[in-house]
Each structure stands twice: as structure tokens, then as C-alpha cells.
Amino acid sequence: QVQVVESGGGLVQAGGSLRLSCAASGLPFSGYAMGWFRQAPGKEREFVATISRGAAYTDYADSVKGRFTISRNNAKSTVYLQMNSLKAEDTAVYYCAASSSNSRRVESVNYWGQGTQVTVSL
């Protein structure tokens with residue numbers, strides 16, 4: 001049974017930092033591209049970042065480029081999202097995703113986590 005579990009969300013002031021973690025089990029972790037998506041209230045789920053199987057390739061949404069960093073540790077079957085210089089518009093539920101290939105498309109995700117709330121206050 002595949003499990004994808006996020007942690008690290010919370011409440012932070014604008015300009016602050018948070019680090020999200022995502023642990024996956026029940027799948028060959030190093031065989032999957034991993035990514036983060038987010039969904040704000042009343043909006044569609046959107047792409048945030050993705051990292052290739054061996055971590056050689058990363059891609060970011062323009063809205064987070066330069067502020068967020070995605071990384072992974074295949075030995076621990078864990079992917080991370082370091083979020084710096086947070087803004088109020090970053091407030092959303094953040095979802096970890098496992099995909100057979102790097103993609104920005106929600107439809108390309110094979111497995112989703114349950115989500116973790118990130119709230120950025122002014």
C-alpha cells in the first residue's frame with residue numbers, strides 16, 4: 001500500500017521560512033519524480049515544484065522561483081520543500097506528489113499525499 005505523508009506545515013509571518021517534508025512508502029521511491037502542488041481556498045490545485053528521480057533536474061513555478069527549493073533524499077524516501085521569504089499569497093494546502101515523470105500537470109500525478117496547511121500572516 002502506497003503512503004505519501006507530508007509534515008512541516010504551520011503558521012508563519014510574512015518573510016519567514018518553513019520546511020515541508022514528505023515521506024513515501026510502498027513504492028520504489030527512487031523510481032519516481034517527486035513534486036509539490038498547492039491549493040488555496042476557491043482556487044484550483046497548482047504546480048509548485050518538481051524534482052527528478054536522481055535530483056539532477058528541478059523545475060519551479062514562476063511564483064516561487066528563487067524563494068523555494070525542492071530536494072530529496074532517496075535513502076530516506078523523503079522529499080523536502082524549503083520555503084523562504086514567504087508571502088501571504090503562499091497560503092494554501094500543500095500536497096506532495098509522486099509521478100512517473102516530471103510534469104507540471106495535476107493529471108500526471110500517480111500518488112498524492114493528504115496535504116499540509118501553510119498559512120502566512122501579514
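Starting from 1, each residue takes its place in the sequence as its number.
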Participant: Quick check: is Val109 connected to Phe29 through a chain of hydrophobic side chains (ILVMFWY, heavy atoms under 4.5 Å apart)?
Facilitator: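 Cluster IDs for Phe29 and Val109 differ.
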Participant: Between Cys22 and Val4, is the side chain to side chain contact (heavy atoms under 4.5 Å, CB included) condition met? List the steps.
Facilitator: CA-CA 7 Å; Cys22 168; Val4 180; 3.3 Å; yes
Participant: Hey, could you give me the CH2/OG distance between Trp112 and Ser99, rounded to the nearest 0.5 Å?
Facilitator: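 Here the rounded value is 7.5 Å.
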Participant: Is the number of heavy atoms from other residues, nucleotides or ligands under 6.0 Å of Glu89 CD greater than 12?
Facilitator: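 Result for CD/Glu89: enclosed.
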Participant: May I ask you to test the Thr91-Gln117 pair for a side-chain heavy-atom distance under 4.5 Å?
Facilitator: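 Yes - at least one pair of side-chain heavy atoms lies under 4.5 Å apart.
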Participant: Using the six-membered ring wherever Trp is involved, compare the ring planes of Phe47 and Phe37 and label them parallel, tilted or perpendicular (cut-offs 30° and 60°).
Facilitator: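 Rings of Phe47 and Phe37: perpendicular, over 60°.
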Participant: Show the nearest heavy-atom pair for residues Gly26 and Val2, with the distance to one decimal.
Facilitator: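 Result for this residue pair: O-CG2, 3.4 Å.
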Participant: Distance from Asn73 atom CG to Tyr80 atom OH, nearest 0.5 Å?
Facilitator: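 With rounding to 0.5 Å, CG (Asn73) is 5.0 Å from OH (Tyr80).
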Participant: Quick one, Ser21 and Lys76 - any side-chain contact, counting heavy atoms below 4.5 Å?
Facilitator: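 Side-chain contact under 4.5 Å: no.
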Participant: Answer yes or no: does atom CD of Glu107 have more than 12 heavy-atom neighbours from other residues, nucleotides or ligands under 6.0 Å?
Facilitator: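 Yes, the 6.0 Å shell around CD holds more than 12 heavy atoms from other groups.
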Participant: What heavy-atom pair brings Ala98 and Leu27 nearest, and what distance separates the two atoms?
Facilitator: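 Heavy atoms of Ala98 and Leu27 come nearest at CB-CD1, 4.0 Å.
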Participant: Between atom OH of Tyr111 and atom OH of Tyr32, what is the distance when rounded to the nearest 0.5 Å?
Facilitator: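 OH of Tyr32 is found 4.5 Å from OH of Tyr111.
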Participant: How long is the gap from OG on Ser63 to CG on Asp90, to the nearest 0.5 Å?
Facilitator: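 Those atoms lie 7.0 Å apart.
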Participant: Work out which heavy atom in Ser101 is nearest to a heavy atom in Ala33; give both atom names and the distance.
Facilitator: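 Nearest heavy atoms, Ser101 then Ala33: C-CB, 3.8 Å.
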Participant: Any donor-acceptor pair under 3.5 Å linking the side chain of Arg104 with the backbone of Thr50?
Facilitator: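 Flag not set: sc Arg104 to bb Thr50 has no pair under 3.5 Å.
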Participant: What is the minimum heavy-atom distance between Leu81 and Tyr94, and which atoms define it?
Facilitator: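 In terms of heavy atoms, the two residues are closest at CD2-CD2, 4.2 Å.
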Participant: Could you check whether any side-chain heavy atom of Ile51 comes within less than 4.5 Å of a side-chain heavy atom of Tyr60, counting everything from C-beta outward?
Facilitator: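 Not touching, per the 4.5 Å side-chain cut-off.
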Participant: Just verifying a value: how many Å separate Arg67 CZ and Met83 CE, rounded to the nearest 0.5 Å?
Facilitator: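 It comes to 9.5 Å.
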Participant: Kindly give the heavy-atom pair with the smallest separation between Glu6 and Cys96, and that separation in Å.
Facilitator: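 Reported closest heavy-atom pair: OE2-N, 2.7 Å.
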Participant: With side chains defined as the heavy atoms from C-beta onward, is the minimum distance between Arg38 and Val64 less than 4.5 Å?
Facilitator: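 Yes; the side chains approach each other to less than 4.5 Å.
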Participant: Determine whether Gln13 and Ser121 satisfy the following criterion, side chain to side chain contact (heavy atoms under 4.5 Å, CB included), listing intermediate values before the conclusion.
Facilitator: CA-CA 5 Å; Gln13 287 188 331; Ser121 63; 3.8 Å; yes
Participant: Any side-chain heavy atom of Val48 within less than 4.5 Å of one from Tyr95?
Facilitator: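 No - every pair of side-chain heavy atoms lies 4.5 Å or more apart.
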Participant: What are the two closest heavy atoms between Ser108 and Ser103, and how far apart are they?
Facilitator: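 Where Ser108 meets Ser103 most closely, the heavy atoms are OG-OG, 3.1 Å.
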Participant: Surrounding NZ of Lys65 (heavy atoms of other residues, nucleotides or ligands, distance under 6.0 Å), is the total greater than 12?
Facilitator: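 Correct, the count exceeds 12.
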Participant: Main chain of Gly54, side chain of Asn74: is a donor-acceptor contact present, judged purely on distance under 3.5 Å?
Facilitator: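 Between the backbone of Gly54 and the side chain of Asn74 there is no qualifying donor-acceptor contact (under 3.5 Å).
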Participant: Any chance you could measure Gln82, atom CD, to Leu20, atom CG, to the nearest 0.5 Å?
Facilitator: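 Here the rounded value is 9.0 Å.
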